[in-house]
Amino acid sequence: MCASVKYGSRGPALIPRMKTKYRIYYITLFSVVLLGLIATGIYYITLFSVVLLGLIATGMFQFWPHSIESSAEWSLDRRSVHDAPLVRIPMSSPIPERGDLSCRMHTCFDVYRCGYNPKNKIKVYIYPLQRFVDEVGVPISSTGLSREYNDLLSAISDSDFYTDDVSRACLFIPSIDVLNQNSLRIRETAQALAMLPRWDKGMNHLLFNMLPGGPPDYNTALDVPRDRALLAGGGFSTWTYRQGYDVSIPVYSPLSVEVDLPERQPGPRRYFILSSQTAIHREYRVELERLKEENGEALLLLDKCSNLSQGLASVRKRCYKGQVYDYPQILQESSFCVVLRGARLGQATLSDVLQAGCVPVIMADSYILPFSEVLDWKRASVVIPEEKLPEMYTILKSIPHRQVEEMQRQKWTSVNSPLFLPLIPPRSPGFTAVVLTYDRIESLFRVITEISKVPSLAKLLVVWNNQNKSPPEESLWPKVAVPLKVLRTKENKLSNRFFPFDEIETEAVLAIDDDIIMLTSDELQFGYEVWREFPDRLVGYPGRLHLWDHEMGKWKYESEWTNEVSMVLTGAAFYHKYFNYLYTYKMPGDIKNWVDAHMNCEDIAMNFLVANITGKAPIKVTPRKKFKCPECTAIDGLSLDQTHMVERSECINKFASVFATMPLKVVEHRADPVLYKDDFPEKLKSFPNIGSL
Amino acid sequence: MQARKKYVLLGLCMCCWLLLYYWGGLQERLLGLITHKRGEVARPWPSWLDRDLLPGYADQAELQNDGGSGDSPRQRRQSWAGIYKDSRCRMDTCFDFARCQGQSGFRVYIYPPEKGERVSESYHKILTSVVESRYYTSDPREACLFVLGIDTLDRDQLSTQFVPNVDERIRGYPLWNDGRNHVIFNLYSGTWPNYTEDLGFNVGQAILAKASLNTEHFRPGFDISIPLFSKEHPQKGGERGWLVRNTVPPRRKYLLMFKGKRYLTGIGSDTRNALHHIHNGKDIVSLTTCRHGKDWEKHKDTRCDHDNQEYERFDYQELLHNSTFCLVPRGRRLGSFRFLESLQAACIPVLLSNGWELPFSDVIQWNQAVIEGDERLLLQVPSTVRAVGIDRVLALRQRTQMLWEAYFSSVDKIVLTTLEIIKDRVYSHISRNKFMWNALPGGLLVLPEYSTHLAHYPFYYLNLGISPGQEFTAVIHATSPLVSQSQPIMKLLQVVSKSKYCSQIIILWNSEKPPPHRSKWPPMPVPLIITDGRRKGSIQTSSRFLPHAAIETEAVLSLDEDTVLLTSEIDFAFHVWRSFPERIVGYPPRSHFWDPVKKAWGYTSKWTNEYSIVLTGAAFYHRYYHHLFSHYLPSSLRALVDRTSNCEDILMNFLVSSVTNLPPIKVAQRKQYKEMPTLQGTKTAPWVNPEHFTQRQECVSTFASWFGYMPLVHSQFRLDPVLFKDHVSVLRKRYKDLERV
């Protein structure tokens with residue numbers, strides 16, 4: 001008891017390997033996923049987060065994207081389940097109708113109960129626990145509340161979905177445990193459901209069931225008549241599953257909690273295929289044995305141990321010709337593990353197999369795989385029609401090794417660039433130049449004059465970062481053909497240059513320092529043309545590189561003449577306005593404040609941000625130039641002194657630790673005009689004036 | 001007396017009721033005292049004192065034994081076929097897989113048209129798409145799938161295109177077999193006033209590829225929902241999506257819009273009649289008109305005149321271009337033209353069509369591209385769409401474009417998607433996963449026969465967070481017989497084999513003479529493989545892009561026998577390719593252009609400021625493009641290449657650009673990649689011949705017409721080494737050789 005309380009506050013990174021803990025999380029996430037799934041039917045929740053949660057919830061994917069705060073404070077409420085009130089079901093109490101197969105969200109679900117709320121969170125009510133008995137006092141279930149169902153309800157009541165206000169609830173969850181149909185008295189359970197005060201033909205009620213059906217024919221959905229209630233069930237077939245209404249869930253295996261399996265790296269295993277199930281139909285066992293004969297050692301075909309007495313020991317052992325193997329440990333010794341249907345479609349073995357990091361080979365025709373609407377099962381398992389069991393070996397052998405390893409890994413890191421569509425935006429309406437300045441007026445005016453010659457310039461914004469001095473009056477500014485606007489900032493912060501000002505009406509932004517006077521109009525126009533072909537990247541002039549310093553064991557900043565580039569300075573760079581929005585509102589950790597406090601590295605931060613979200617390198621354009629203005633003194637131009645370089649290196653190390661990775665990508669190329677340095681009439685070149693110093 | 005009795009009874013009832021009420025209330029309050037008061041401290045579901053004593057939901061032995069091993073699988077399969085028929089059809093029970101296991105694989109047969117039979121324009125396009133697809137067969141014996149010659153698109157009895165007596169006719173077909181392995185296309189079913197899903201004939205066990213499918217009638221994993229498309233929908237190619245840039249913030253002038261018919265009566269009128277409620281004339285424009293049909297004025301209500309007037313004030317096209325979200329309410333039927341229109345327009349569809357099984361729902365994750373509303377909650381739609389954040393709008397909008405271009409922009413794509421979905425089911429262990437269907441460039445361009453592994457394709461490196469391999473295979477196209485050891489190919493072999501990234505060299509022999517013995521070739525530090533590219537002794541130019549099994553690396557360096565390159569040029573280009581593995585990266589640039597005088601596409605090899613083609617005489621690309629070239633492109637185009645011994649490189653550029661929507665990449669300065677022919681040369685190179693050039697002009701036009709549009713894209717830059725021709729000591733430069741070219 002106390003142990004579980006303590007575990008409640010532990011970090012979730014250990015999930016798959018922690019015992020008591022695991023079940024709690026499993027159930028927590030699992031129910032959250034479920035609610036999320038159901039909620040999508042009602043509201044417009046993004047499924048993406050749900051998918052992630054789903055992966056973890058099913059224990060399939062041994063990684064953890066973000067931590068979930070678990071309330072460690074348990075109530076002082078200390079009661080026994082036996083204290084729950086007793087409810088007697090009259091014999092004549094009404095029985096709900098059997099589930100309606102045509103039910104869908106829009107026909108059997110009352111959305112009006114779910115009232116609009118902007119966070120798209122539906123509210124869930126859990127009925128208080130009651131002990132239902134029939135007229136002579138016999139309980140409706142042989143087990144009553146099970147540990148798993150209790151954990152599941154606890155998890156829901158701990159989540160944001162929970163409400164104790166029945167009138168606000170959108171979804172109702174009975175506290176009647178129907179996880180295992182075998183322990184239920186069907187008729188009485190149905191009557192008990194119908195007695196629930198808000199039952200109302202089962203509308204908006206959600207039942208959880210993992211083991212449906214009973215002998216001899218084992219239905220694939222819970223046999224308890226349940227009107228219109230939604231069903232989260234393990235072992236649905238395509239004929240009982242109501243798509244978009246029901247949810248298919250995995251059959252939970254308590255073994256995964258009891259046994260601590262070490263994490264295995266992807267790679268070849270001792271056996272190629274393992275069959276560990278004990279209840280396999282004779283016809284299939286014959287087939288498997290034939291496969292074993294043909295392929296020998298590659299297959300391990302286990303069965304019950306005949307000499308062991310019943311009980312826990314027999315559950316944890318498997319045998320082959322008198323040789324005893326530990327289960328589920330043996331699952332880790334095989335690349336593929338067979339999950340065949342038995343009397344039921346849903347098999348607890350699937351959970352064991354996934355937990356062990358073995359790639360499941362699922363053979364259960366018509367089975368609706370758990371969370372199939374959101375999980376990409378083809379990436380984590382092999383589904384083979386039962387009829388093709390004899391061809392299993394050939395089919396599995398045809399899968400490339402690398403793919404098997406990816407399946408074993410069961411986790412897919414993925415970069416999802418926000419600007420993923422390959423678009424080359426039209427040249428018009430051009431770009432907006434954003435000049436950051438403090439007080440170098442003369443240099444600023446020269447920059448403005450130079451930029452104004454660029455054909456595709458649409459607008460000039462001067463970000464005036466000096467609060468002590470007003471910008472020169474209008475008449476003193478250079479006359480330019482495009483709109484020019486001075487934006488005065490409230491504080492002298494570097495991040496001001498990356499603010500997504502409403503005044504920026506173009507997609508393309510040219511960030512430029514007030515001392516970059518050496519870029520020609522051709523170079524700038526060419527930079528813009530290159531940006532159009534790479535609108536999701538930073539396209540800039542001076543390139544920089546990060547290097548791993550083996551002696552110091554950390555990253556180093558490099559600005560010398562290098563053959564490689566991993567960053568471009570934003571003292572002169574084109575980029576998409578979207579990155580301004582990201583920089584300002586979505587920069588991870590404290591980077592933004594750190595940059596403002598140190599008055600340095602805003603460009604490195606921008607490079608990290610863009611590379612991290614797109615997975616792509618920046619593009620350096622045109623040949624190297626001396627990017628120092630003759631007028632600027634060492635005190636004035638920031639990028640000069642040595643301590644500054646040290647600080648830049650620190651920035652890289654700092655950002656790499658905040659991002660928890662090194663997102664920068666190194667490339668060996670830069671972009672030049674097609675006819676750069678070619679023996680070709682200059683006047684026929686689109687960009688003749690490139691690289692002049 | 002009677003009355004008194006009544007009163008007493010009523011009183012008694014009242015008492016009972018009050019008592020019950022009170023008692024119940026008391027109980028509830030008591031319950032509240034127990035569960036609530038104490039529970040509310042931290043958590044409402046109690047932490048039971050005996051939690052650890054609770055039994056497990058199932059005994060472990062019970063879980064493992066699972067109620068025995070069930071019925072005989074063989075018997076079960078047999079009995080299923082008898083039970084799960086017609087409305088409960090699934091592939092397992094209503095499809096004959098054996099028909100698809102033959103040598104010819106997945107083949108589709110179309111019944112020949114009967115005499116005097118006329119099919120609608122749309123159905124004609126569907127049939128054309130099937131015939132032109134790589135799955136078509138004219139031999140019913142090798143067919144896996146059958147398509148009717150009878151036009152079943154419009155099954156509205158009131159329609160002029162309605163075909164009568166379908167039932168009798170199909171029953172006469174010897175191959176009908178109760179519809180097994182048949183696919184029936186349909187756009188309109190039912191008629192006024194209920195528009196049911198009935199097609200007016202018994203489809204039996206045939207797969208329905210139908211628009212406006214209802215989830216309740218949809219046979220999951222069996223039927224295929226297709227989009228409603230108009231008869232103007234193009235056969236192939238198709239218009240690109242309208243999104244040309246990702247503006248930030250992504251909001252357009254209007255937040256939400258709808259402009260369409262209002263039904264005064266009948267099915268679908270509930271939703272359409274309510275749409276005007278959300279119209280605010282400012283950022284939400286929801287306009288309906290009563291003016292449609294013959295006798296609308298008979299049914300018109302009080303709103304009609306005002307609505308009709310407001311309706312005329314806004315232009316539909318203008319709204320479509322300038323709206324962030326577009327309402328797609330159901331019409332008489334569940335699907336409507338609005339759906340494809342808004343997808344193309346990058347106007348995020350907000351669906352109000354309860355029970356609609358979305359097009360290709362088997363494979364497309366629609367929640368990434370549309371917002372599924374509920375007809376019952378129309379009034380919540382404005383606040384819902386207002387709450388969608390910048391990131392989501394950007395993502396949804398781009399996804400509309402991806403889906404439009406991958407699956408919907410032409411009849412070809414719609415039909416092919418339908419066929420590919422069925423094919424994926426038939427060969428389920430060699431099929432695309434959800435990721436392939438939903439990532440760029442879309443499922444049609446992914447051939448699972450090549451591989452089911454994502455890392456084997458050029459498209460997914462970024463998503464997977466991995467880089468292409470560190471080695472390449474050089475494929476040299478040899479057309480001249482080997483006569484001397486000083487031939488260009490000998491030099492080329494030396495240059496290529498010196499690259500540290502080269503893992504093997506394949507010489508593709510395509511000369512009139514048989515390939516020389518291995519001993520005639522110089523010794524190499526890497527494996528050298530000589531492959532005969534000829535078929536039956538005749539030269540096959542297209543064989544240069546055959547997916548040779550010997551190519552084990554992801555990168556292919558394609559070379560002509562007389563290509564002149566330096567080893568460092570090869571190394572540099574390979575580095576660049578690893579950053580752009582989905583594109584062609586190479587040296588010789590060419591360009592296409594539109595000739596307004598001839599009103600045709602032109603081709604030029606002149607030096608210009610831009611290029612759209614990089615010739616495969618010296619270029620890197622992913623080996624998967626060999627597969628696409630040989631299996632995705634129609635044999636007619638490959639035949640053209642073989643007939644003329646020309647244009648294969650242009651075709652490869654068309655193919656790759658149509659997949660990526662991007663230009664190829666020219667690297668470094670070299671443009672001339674061959675020695676200029678000398679006058680005393682024994683054999684003149686084919687490309688010196690002016691006819692050769694004219695042919696290439698024609699090729700560009702032919703290819704553009706097969707693709708249905710011009711996929712080539714221009715680029716204005718080339719990629720040079722970072723320090724290329726910079727004023728730095730050459731000692732610092734990694735690729736100093738490139739400056740001597």
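None of these values were measured; they are calculated from a predicted model. Numbered from 1 within each chain, the chains take letters A, B, ... in sequence-line order.
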Against chain B, label [X] side chain, backbone, both or neither, depending on which of its atoms sit under 4.5 Å from a heavy atom there.
X	answer
Y581(A)	side chain
Y578(A)	both
E387(A)	both
P426(A)	both
R344(A)	both
K665(A)	neither
T349(A)	neither
T562(A)	backbone
I126(A)	side chain
L255(A)	both
E507(A)	side chain
V81(A)	both
R532(A)	side chain

[X] portion near chain A, given a 4.5 angstrom heavy-atom threshold:
X	value
D726(B)	side chain
L440(B)	side chain
P250(B)	neither
V713(B)	side chain
E405(B)	neither
T93(B)	side chain
F222(B)	neither
R386(B)	neither
T608(B)	backbone
V728(B)	side chain
H456(B)	side chain

For this session: Would you check, one step at a time, whether the test ring pair (Phe, Tyr, Trp, His ring centres under 6.0 Å) holds for Y735(B) with H669(A)?
Result: CA-CA 11 Å; Y735(B) 299 103; H669(A) 52 251; over 10 Å; no
Exercise. When heavy-atom pairs shorter than 4.5 Å are enumerated against chain A, which of K671(B), E375(B), K666(B) gives the highest number?
Worked result: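 The candidate making the most pairs under 4.5 Å is K671(B).
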Problem set entry | Geometric class of the Y252(A)/Y57(B) ring pair [parallel <30°, tilted 30-60°, perpendicular >60°] |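 Plane angle between 30° and 60°, so tilted.
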Exercise. Looking only at side chains, do E533(A) and S715(B) share a donor and an acceptor under 3.5 Å apart?
Worked result: yes
For this session: Return yes if a side-chain donor-acceptor contact under 3.5 Å exists between D672(A) and Q669(B), otherwise no.
Result: no
Can you give me the closest heavy-atom contact between [X] and [Y], atom names plus distance?
X	Y	answer
R77(B)	Y284(A)	NH1-OH, 3.3 Å
P425(A)	R245(B)	CB-CB, 4.1 Å
D376(A)	N433(B)	OD1-CB, 3.4 Å

Note, [X] side chain near [Y] side chain (heavy atom, < 4.5 Å):
X	Y	result
W48(B)	N150(A)	yes
F97(B)	P385(A)	no
W239(A)	W80(B)	yes

For this session: Name the option with the most non-hydrogen atom pairs under 4.5 Å to chain B; the candidates are H576(A), H82(A), R282(A), Q243(A).
Result: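 So the answer, after comparing H576(A), H82(A), R282(A), Q243(A), is H576(A).
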For this session: Using the ring of F435(B) (Phe, Tyr or Trp, six-membered ring only), decide whether R379(A) places NZ or CZ under 6.0 Å from its centre and within 45 degrees of its axis.
Result: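 Relative to the ring axis of F435(B), which defines the angle, R379(A) lies inside both limits.
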Exercise. If you count the non-hydrogen atoms of other residues, nucleotides and ligands that lie under 6.0 Å from CG in D502(A), is the total more than 12?
Worked result: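 No.
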Problem set entry | Derivation and outcome, side chain to side chain contact (heavy atoms under 4.5 Å, CB included), residues R399(B) and F420(A) | CA-CA 9 Å; R399(B) 189 124 317 249; F420(A) 62 86; 3.9 Å; yes
